[in-house]
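Everything below concerns the one structure shown next.
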Amino acid sequence: MRADLTLNGLHLGMLRAELCASDNKEHAAYVLFGLSRIQQDPFDRQARMRLLIRDVLPVTDEEIKSADHQHISWSTRRFVDLLARAEREGLQVGIAHSHPRGPNHFSSQDDRNEAELARLAQNRNGETAILPSLLFANRELVAGRVWTSPDCVVDLEYARTIGGNWHTVLFAADRTLSSPALARQELALGAGFNRLMNHMRIGVVGAGGTGSPLLQQLPRMGAGHIGIFDPDHVEHSNLNRVYGATWDDADRKVKKVDVAKREIERMGLGTQVKTYDSWIGSAECRDALKSMDLIFGCTDDHDGRLLLNRLAYYYLIPVIDIGLALRVTERFGISCLEADGRATVLEPGSSCLVCRRIVDAGAAAEEALRRSDPEEYERRKIEAYVRGEGNPSPAVISFTTSVATMAIEEMIQRMNQFRGEDGSIANRVRKFNLVEDFRPGAKKEPCRICGTDRIHGLGDVEPFLGRAG
Ligand SMILES: [Zn+2]
Ligand SMILES: [Zn+2]
């Protein structure tokens, strides 16, 4: 069993404020967690437990029995109340505490106290209850672990903070990584960036026009683990923009994921690649999607976009959704090409694709029908109740590549802040014919996905992502 943690920057700020006061005493807080259970990680085949912070609740002065610079003890009455709430809401109750001046590891007293709380949790909420525990020292999150029973504890391998900038702390010993292939990138972005690229699991949904340039760039940037999702095969009409695809691939109807994997392996850079040639909503993709640290959404499929839109907020996995719209219009009898590219980051704190009116719910429903009941879909198409697939859209490789690169730049910014601390852009639209970038906003009405924190970090629910069917 392996375990890791994801939290929102706001929750990290709350934890720091509560636990790292300047009085040099130990402090404690309760933390409510959503949980993502992965039966089999796509890369190492092990079971994984991903903890997602939902809420931080300080232990108040009245509850504290005694505290100094190397110990704290508090009444556990509220822990029992929180267990009842956690059971109702499908969450787990954990704790966080501080060692103001170190040590950076849990003490034997911590071991005894936490084992007791784990026992309490399982007695109250059953065997699936766990006790996550986080430790802060010198204002930083320095260690974490999860008690899966009163006598079994799993150390967290890493913690990721999302929301604006993305930071990752690797708790396990750093493997020094040096490859001559990455030396020039290291000069620009640092050894830490290369190490994180190697560590991260990156998903690319859609291996066509905008996905294939990403799949050329990410391995060359040192990506250690890439999951590729696309059910389609190469067609001759794709050859103007899908990197690596050949006329022979189209003749033989080779899957796009297989072309991408072949091209990445040909680079010989050691990237591990897992491919999924079914629709992302199918059960075989679920563990793989949940295992990712970052997903690029490069699909034209509206229903697929809606699924990734929910995944980002339920599982705190940032999604960078990419879109490109080319239109040929007539103006004063002259035909003009309009080309708009877009990179949109989905995560708590940013508006979702529904609020940005990027995804068409009607088209998504039609796509779902085409998958679940093709005969009914064809019948409705004949009667013009559904719009059908329409005419093929125009596509040019320079624009598809440009928009993929915009998405990668956003990833670099959030990991490295090359544009400055406040340089993240949640929604960037490039109007190629105006040679200008814009940052359109979103509608302001509250939304059930992004507008409240109701589902943020909820993790596993039945049905998956709260989607019917
Ligand atoms: Zn302690
Ligand atoms: Zn929304």
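Counting starts at 1 for both ligands and their atoms, following the listed order. If you read the sequence from its start, that first residue is 1, and numbering goes on from there. The basis for the numbers below is simple: all heavy atoms, side chains too, and nothing from hydrogens, waters or symmetry mates.
Geometry note: the Zn ion (ligand 2) is the vertex, C450 SG and C355 SG are the arms, and the angle is 100° (rounded to 10 degrees). Seen from the Zn ion (ligand 2), atom SG on C352 and atom SG on C447 lie at an angle near 110° (rounded to 10 degrees).
Side-chain atoms of H71 and Q109, non-hydrogen and from C-beta on, never get closer than 4.5 Å to each other.
Of all N/O/S atoms in H99, NE2 sits nearest the Zn ion (ligand 1).
Salt bridge annotation for D293-R201: absent, with no cationic side-chain nitrogen under 4.0 angstrom from a carboxylate oxygen. The existence of a salt bridge linking R370 and D301 is excluded, since no basic side-chain nitrogen approaches an acidic carboxylate oxygen closer than 4.0 Å.
At least one N/O/S atom of H97, from backbone or side chain, sits under 2.8 Å from the Zn ion (ligand 1). At a threshold of 2.8 Å, the Zn ion (ligand 1) has a backbone or side-chain N, O or S atom of D110 nearer than that distance.
Here the options are T168, T6, D4, the test is side chain to side chain donor-acceptor pair (under 3.5 Å), and the partner is R160; only T6 passes.
If you check the side chains of D111 and S108, you find no donor sitting under 3.5 Å from an acceptor.
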